[in-house]
There are 2 protein chains.
Amino acid sequence: MGHAEYSNTPLSSRMGFLLVRSALRVRQRYVNELSTIGLLPNQHAILSTLNELGPCHQKELAARIDLDTGDIVAYLDGLAEAGYIERNRDPADRRRQIVSLTPSGTRILAIADLALDEVEAETFACLALPERKAFGHNLNTLYESLTS
Amino acid sequence: MGHAEYSNTPLSSRMGFLLVRSALRVRQRYVNELSTIGLLPNQHAILSTLNELGPCHQKELAARIDLDTGDIVAYLDGLAEAGYIERNRDPADRRRQIVSLTPSGTRILAIADLALDEVEAETFACLALPERKAFGHNLNTLYESLTS
DNA sequence: TATTGTTATACTCTATAACTATA
DNA sequence: TATAGTTATAGAGTATAACAATA
């Protein structure tokens, strides 16, 4: 007299569910760690991308991080106010802003990266090295497929 | 005369970043698909879990889905209003609500599951079958580690 | 680019009621 | 009983972030 059985896909075998739930937990770890530094995860992503690419336009930044072009404005406002980035109009196309890292931004990024390296090491320690590498590779494939 | 080079971990090699970003995209697909049915992703998760476990208490439900015990209330309110679940006080412990699926809830779950099966098939089609299986296994390990 | 508003979600804190254990 | 501590649910407020529409 238990409940009826159905052939529905169980939640725990849905990769989408596992992915979304795991990501929420991981993001929370990012938020907690970065909050002691005064950065939001998306702000760290912006600093990290600027460090990798050098000065670039807001639109390019947004595309690289998969951020909405409207939403990036507020994150940049915060970073500029803290003195971590500078925005300058592109003389070649004055609609555009050229965003660049300041020395202070470079310093805070180094601190944030060290902290996040630790978070990641702890977070993915449940996977042995070969699995972790394969997982990272598959994640990359998935991300590329989802954002292309 | 390029920008300076630093040894910071690049964003694109951070599994946390790839995980969180991919999950946001996948969740959006869930939201879009389920919105035509009138369900939120968390409401689908509730229905799916009830179908798997049979009637159970709110707290048990929340723990299984990794939902905040405060936040589950509103989702259940919506489901009850739509007639998909019933809440009854547990006579053995009147603080508790026993949540159970209605026939109508069972029907909508079947419809939602079919739709989500398609979403998942498309989403993870970028991984070949062996990789997809390994990825799912690793995701499971990660989820268990993060929620235990 | 920037602004505004909406949506989805999680998190924190607090309130209420009901249970448990104990003096 | 009476009291104190705990638990299950509920509600309000806030934070992060995506998305849509518009200026």
Side-chain angles (χ1 to χ4, degrees), chain A residues 16-17 19-35 38-46 56-63 65-81 85 87-90 92-99 146-147, chain B residues 16-17 19-46 56-81 85 87-99 146-147:
Chain A
F17 173 79
L19 183 75
V20 169
R21 280 287 139 188
S22 300
L24 285 168
R25 288 275 189 162
V26 171
R27 191 185 63 156
Q28 197 55 39
R29 293 187 181 198
Y30 269 59
V31 168
N32 291 340
E33 194 64 37
L34 291 174
S35 73
L39 289 177
L40 297 172
N42 279 338
Q43 290 178 322
H44 165 265
I46 290 169
C56 57
H57 298 134
Q58 287 190 195
K59 196 183 171 184
E60 196 181 345
L61 259 180
I65 308 171
D66 191 30
L67 257 184
D68 187 274
T69 53
D71 294 330
I72 203 173
V73 177
Y75 296 114
L76 290 173
D77 288 347
L79 290 171
E81 201 174 333
I85 62 152
R87 278 191 278 200
N88 298 291
R89 286 284 164 193
D90 184 347
D93 181 347
R94 298 217 324 286
R95 292 168 305 182
R96 296 184 170 186
Q97 304 263 27
I98 299 179
V99 186
L146 289 170
T147 54
Chain B
F17 172 78
L19 183 74
V20 169
R21 279 287 140 189
S22 299
L24 285 167
R25 288 275 189 163
V26 171
R27 191 184 62 157
Q28 198 55 41
R29 293 188 180 197
Y30 269 59
V31 168
N32 291 340
E33 193 62 37
L34 290 174
S35 73
T36 69
I37 303 174
L39 289 177
L40 298 170
N42 280 337
Q43 290 177 322
H44 165 265
I46 290 169
C56 57
H57 299 134
Q58 287 191 196
K59 195 189 170 184
E60 198 182 343
L61 259 181
R64 185 60 96 97
I65 307 171
D66 191 30
L67 256 185
D68 188 274
T69 53
D71 292 331
I72 202 174
V73 177
Y75 296 114
L76 290 174
D77 288 346
L79 291 171
E81 201 173 334
I85 61 150
R87 279 193 277 199
N88 299 291
R89 286 283 164 195
D90 183 347
D93 183 345
R94 297 214 326 285
R95 291 170 303 181
R96 296 184 168 185
Q97 304 264 27
I98 301 179
V99 186
L146 289 171
T147 55

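So that the names make sense, note that chain A is the first sequence line, chain B the second, and so on, each numbered from 1.
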Toward the 5' end of DNA chain D, which comes first, Val31(A) or Gly70(A), by nearest nucleotide? Val31(A)
Rounded interatomic separation in angstrom, taking CD1 from Ile85(A) and P from dT1(C): 12 Å
Do any side-chain nitrogens or oxygens of Arg27(B) fall under 4.0 Å of OP1 or OP2 in dA8(C)? no
Taking only the side-chain heavy atoms of Leu24(A) (C-beta and beyond), determine which of dA10(C), dT9(D), dT1(C) contains the nearest atom. dA10(C)
Find out whether Leu146(B) and Arg29(A) are in side-chain contact, i.e. whether some heavy atom of one side chain is under 4.5 Å from a heavy atom of the other. yes
Nearest-angstrom distance from the residue atom CG of Asp68(B) to C1' of dG11(D): 12 Å
With no angle test and no hydrogens, is the base of dT1(C) tied to the side chain of Arg95(A) by a donor-acceptor pair under 3.5 Å? no
Of the candidate nucleotides dA2(C), dT12(C), dG11(D), which contains the atom at the shortest distance from the side chain of Asp77(B)? dG11(D)
Is any side-chain nitrogen or oxygen of Asn42(B) closer than 4.0 Å to OP1 or OP2 of dA10(C)? yes
Starting at atom CG of Leu61(B), determine the distance to atom P of dT9(D), rounded to an integer number of angstrom. 9 Å
Think Arg25(A) has a side-chain N or O under 4.0 angstrom from the OP1 or OP2 of dC11(C)? no
Taking only the side-chain nitrogens and oxygens of Tyr75(A), find out if one of them lies under 4.0 Å from OP1 or OP2 of dT16(D). no
The nucleotide from dA8(D), dA10(C), dT1(C) with an atom nearest the side chain of Arg21(A) is dA10(C)
Ile72(B) CD1 to dG11(D) P: how many Å, rounded? 14 Å
State, with a plain yes or no, whether a side-chain heavy atom of Gln28(A) is found less than 4.5 Å away from one of Asn32(A). yes
Within-4.5 Å side-chain heavy-atom neighbours: Ile46(A) and Gln58(A): no
Close side-chain approach of Asp90(B) and Gln97(B), heavy atoms under 4.5 Å: no
Would you call Asn42(B) and Ile72(B) a side-chain contact if the rule is heavy atoms closer than 4.5 Å? no
Taking dA17(D), dC19(D), dA10(C) as options, the one with an atom nearest any side-chain atom of Leu67(B) is dA10(C)
Separation of atom CG in Asp66(A) from atom C1' in dA17(D), rounded to whole Å: 12 Å
Any Gln97(B) side-chain nitrogen or oxygen under 4.0 Å from OP1 or OP2 of dA10(D): yes
Report the distance from atom CZ of Phe17(A) to atom P of dT9(C), rounded to the nearest whole Å. 12 Å
Spacing between Asp90(A) atom CG and dT1(C) atom C1', to the nearest angstrom: 13 Å
Using a cut-off of strictly less than 4.0 Å, decide whether Gln58(A) has a side-chain nitrogen or oxygen near OP1 or OP2 of dA2(C). yes
Heavy-atom nearest nucleotide on DNA chain C taken for Arg89(A) and for Pro41(B); more 5' hit belongs to Arg89(A)
Rounded to whole Å, please give me the gap between CZ in Arg94(B) and P in dC19(C). 5 Å
Between dA17(D), dT9(C), dC11(C), which nucleotide has the shortest distance from any of its atoms to the side chain of Leu40(B)? dT9(C)
Flag side-chain contact, heavy atom, 4.5 Å: Leu34(A) against Gln43(A): no
